[in-house]
Number of protein chains: 2
Amino acid sequence: MALSQEKIILNCPFRQTLDVLEGKWKFAIIHSLLLHGTMRFKALERDVEGITARMLIKELKLLEAHGIVHRRAYATVPPTVEYSLTECGQSLEPIIQAIQAWGIQNQAVITQSKISTARKTPAAARKA
Amino acid sequence: MALSQEKIILNCPFRQTLDVLEGKWKFAIIHSLLLHGTMRFKALERDVEGITARMLIKELKLLEAHGIVHRRAYATVPPTVEYSLTECGQSLEPIIQAIQAWGIQNQAVITQSKISTARKTPAAARKA
DNA sequence: CCGTATCCAGAGGGATACTG
DNA sequence: CAGTATCCCTCTGGATACGG
């Protein structure tokens with residue numbers, strides 16, 4: 001399938017998709033859910049290295065609102081909450097796979113041309 | 001091809017790819033360059049609806065540093081600068097295509113479940 | 001365990017004016 | 001045309017503490 005020839009206008013399907021997937025963590029969260037299927041909150045937090053609980057819940061809420069992720073809570077003590085991809089979310093798999101495939105293919109190139117994108121976290125900066 | 005079973009750790013190929021493609025405009029810029037091949041700065045600015053010259057040049061610099069985009073300047077008056085994708089950049093096409101395909105497939109769903117993500121620009125907020 | 005609330009530094013990013 | 005420079009606001013997103 002060839003790329004559409006229309007202009008990269010706002011509200012075209014391409015840009016709308018980017019809106020849904022924007023943010024620092026959405027791809028990683030979806031990747032993790034694709035790998036493991038249903039996951040508890042804590043499992044996701046452990047699996048997506050570097051994310052904080054605060055950001056995880058925010059991103060999950062957004063994904064849920066867009067119909068990508070399904071949330072199911074059980075009235076147990078302590079609470080149990082399970083997240084999984086909806087059918088719509090599962091259909092994102094080709095995108096995740098394409099990104100991963102490119103990463104594997106170009107790992108050497110990326111590492112080589114890597115600029116100092118490394119930025120200090122606020123906390124790290126304060127300590128310094 | 002199945003997704004890799006490794007944890008979504010920092011510095012895995014998947015996360016590194018996200019680092020390269022992070023930011024609000026990179027996917028759209030690459031999409032445009034895939035469609036049109038070599039483009040002048042002004043053409044890109046027109047094609048990627050909503051981007052400002054400031055952000056465009058910033059994103060292009062980063063993409064160039066990562067070896068995704070090639071920049072060629074001609075010593076003409078007025079100046080002519082052409083941007084194109086490197087071979088490495090062209091290899092991102094499957095990702096762009098996957099995103100676009102998903103957008104077309106799920107356009108109805110997205111539009112329907114759209115939350116008020118609309119946010120005022122600083123200028124719009126000042127005027128209000 | 002699963003969140004929420006609050007605080008806050010700084011990166012992202014728009015507007016505008018200016019240069020070669 | 002192809003950028004730079006400056007200003008400044010907003011939102012992201014980390015740290016921390018707390019509630020059900």
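Letters A, B, ... are given to chains in the order of the sequence lines, protein chains preceding strands, and every chain is numbered from 1. Small disclaimer: the values here were computed from a predicted structure and weren't measured.
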K.L.:
Atom CD of B/E22 to atom P of C/dG12: distance rounded to whole Å?
P.N.:
7 Å

K.L.:
Could you say whether B/K58 or A/T80 is positioned toward the 5' end of DNA chain C, judged by the nucleotide with the nearest heavy atom to each?
P.N.:
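Looking at the nearest nucleotide for each, A/T80 comes out on the 5' side.
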
K.L.:
To the nearest 10°, give me the bend of the helix from C/dC1-D/dG20 to C/dG20-D/dC1, comparing the axes of its five terminal pairs at either end.
P.N.:
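Inter-axis angle at the ends, rounded: 50°.
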
K.L.:
Going by salt bridge (charged side-chain N to carboxylate O under 4.0 Å, His left out), name the pairs with one or both residues in residues 28-44 of chain A, residues two or more places apart or in two chains.
P.N.:
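For residues 28-44 of chain A, and leaving out neighbouring residues, the salt bridge (charged side-chain N to carboxylate O under 4.0 Å, His left out) pairs sorted by first residue read A/K42-A/E45.
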
K.L.:
Specify the separation, in whole Å, of atom CZ of B/R46 and atom P of D/dG3.
P.N.:
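For the pair B/R46 CZ and D/dG3 P, the rounded distance is 14 Å.
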
K.L.:
Which sits closer to the 5' end of DNA chain D, B/L60 or A/R54, going by the nucleotide each is nearest to?
P.N.:
B/L60

K.L.:
Using a cut-off of less than 4.0 Å, is there contact between a side-chain N or O of A/K61 and OP1 or OP2 of C/dT4?
P.N.:
yes

K.L.:
Looking only at side-chain N and O atoms, does B/Y83 come under 4.0 Å of OP1 or OP2 in D/dC1?
P.N.:
no

K.L.:
Contact class for B/Y74 (heavy atom, under 4.0 Å): base, sugar-phosphate, or nothing?
P.N.:
nothing

K.L.:
Is there side-chain contact between B/V69 and B/T86, with heavy atoms separated by less than 4.5 Å?
P.N.:
no

K.L.:
Taking the side chain of B/M55 as heavy atoms from C-beta outward, which of C/dC1, C/dG3, C/dG14 is closest to it?
P.N.:
C/dG14

K.L.:
Within the structure shown, what part of the strands sits under 4.0 Å from A/R40 by heavy-atom distance: base, sugar-phosphate, or nothing?
P.N.:
sugar-phosphate

